[in-house]
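It should be emphasised that the depicted structure is a prediction, and the values quoted were computed from it without experimental measurement. Hydrogens, waters and symmetry mates play no part in the numbers below; they use all other heavy atoms, side chains included. Both ligands and their constituent atoms are indexed starting at 1 by order of listing.
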Amino acid sequence: MQLLIMGAPGAGKGTQATKLAEKYKIPHISTGDIFRNLDERTELGQQVRRFMKSGKLIPDELTNQIVEERLQKSDCADGFILDGYPRTTAQAINLDVVLKILRQPLTQVLNIHVEPEELIERAVGRRICKNCGATYHVKFNPTKVADVCDACGGSLYQRADDNADTMKNRLSVYENSTRPLIDYYKQAGIYSEIDGRQPIDKVTADLFNVLDGLK
Ligand code: ADP
Ligand code: ADP
Ligand code: ZN
């Protein structure tokens, strides 16, 4: 199963992709995580951090190249879930070409819909485990002990771009560059929309329902 999870910044893509990856035993490929994990001592790592910190997209050419290499790894042979890629029409066209060569076309595109008003609060309250990458929210999905990861005991951090100012840029980038992909995938006949304003477990249940209905 080749899945793509879409949605505005803070909509819940990462949270849900983790659950889909577990259930369907496919790797979770998040371009945001790949970029955040680049070594900050390198020129490339520095450049990427500058784009991310201001809420701008990393240039298509670099992003496409990174994803193309990742999709060729052997763990993707039985499918994968892409999270946060593609984000531009040029990336979507490139992805189609790559997946055609790999003979692994997208099975379904899952768009988590959340109204813009709610996204800033979600992003500003997001906390991530330094050790295992698990994502929490100070209000909507808190850890049992403050600032300690439930899964591994690691400490939590806040992303440099998860502030109200950068979020405004990220949301306008989403509107201008990424939202048009909804029509792109509707036309391809592989698009589903899920209401992301429900509790996390309910969103997961809706996603499982869509995918179980495909078989
Ligand atoms: P994205 O990957 O789309 O940016 P995340 O999955 O990291 O989004 O979620 C953003 C923040 O919102 C996180 O702090 C997460 O815990 C929280 N969150 C995710 N889904 C929901 C939901 N359905 N309701 C409330 N908060 C949510
Ligand atoms: P969110 O969905 O909450 O915005 P991500 O972790 O997916 O968070 O992305 C964080 C940042 O990483 C983006 O604002 C952008 O700078 C960069 N990024 C991630 N994916 C892409 C992509 N496909 N193309 C260009 N830049 C990307
Ligand atoms: Zn952890």
For [X] and ligand 1, does the shortest N/O to N/O distance drop below 3.5 Å?
| X | answer |
| --- | --- |
| A11 | yes |
| Q198 | yes |
| G125 | no |
| F140 | no |

What residue and heavy atom of the protein are closest to [atom], and at what distance?
| atom | value |
| --- | --- |
| atom 10 (C) of ligand 2 | R159 NH2, 3.5 Å |
| atom 24 (N) of ligand 1 | R122 NH2, 3.3 Å |
| atom 9 (O) of ligand 2 | R87 NH2, 3.6 Å |
| atom 11 (C) of ligand 2 | M52 CE, 3.6 Å |
| atom 20 (N) of ligand 1 | I200 CG1, 3.5 Å |
| atom 6 (O) of ligand 2 | R36 NH2, 2.8 Å |
| atom 2 (O) of ligand 2 | K13 NZ, 2.6 Å |

Indicate, as side chain, backbone, both or neither, the part of Q16 found under 4.0 angstrom from ligand 1 when only non-hydrogen atoms are considered.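 The answer is neither; Q16 stays 4.0 Å or more away.
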
Heavy atom under 4.0 Å from ligand 2: found in I58's side chain, backbone, both, or neither?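 Both backbone and side chain.
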
Using a 4.0 Å cut-off to any heavy atom of [X], which atoms of ligand 1 qualify?
| X | result |
| --- | --- |
| T135 | 7 (O), 13 (C) |
| G196 | 23 (N) |
| T15 | 5 (P), 6 (O), 9 (O), 15 (C), 19 (C) |
| G14 | 1 (P), 2 (O), 6 (O) |

Does a sphere of radius 6.0 Å around [atom1] in [X] hold more than 12 heavy atoms from other residues, nucleotides or ligands, not counting ones at 6.0 Å or beyond?
| X | atom1 | value |
| --- | --- | --- |
| E40 | CD | no |
| E61 | CD | no |
| D78 | CG | no |

Looking at [Y] and [X], is there a salt bridge between them, counting it only when a charged N and a carboxylate O are closer than 4.0 Å?
| X | Y | value |
| --- | --- | --- |
| R170 | D162 | yes |
| D75 | K73 | no |
| K100 | D96 | no |

Give a yes/no on ligand 1: does R197 have at least one heavy atom closer than 4.0 angstrom to it? no

How about L181 and V109: do any of their side-chain heavy atoms sit closer than 4.5 Å? no

Which of the atoms in ligand 2, numbered in the order shown and given with their element, are less than 4.0 Å from a heavy-atom of [X]?
| X | result |
| --- | --- |
| Q91 | 22 (C), 23 (N), 24 (N), 25 (C) |
| Y85 | 23 (N) |
| K56 | 15 (C), 16 (O) |

Going by heavy atoms, is G10 under 4.0 Å from ligand 2?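 It does, in that a heavy atom of G10 comes within the 4.0 Å cut-off of ligand 2.
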
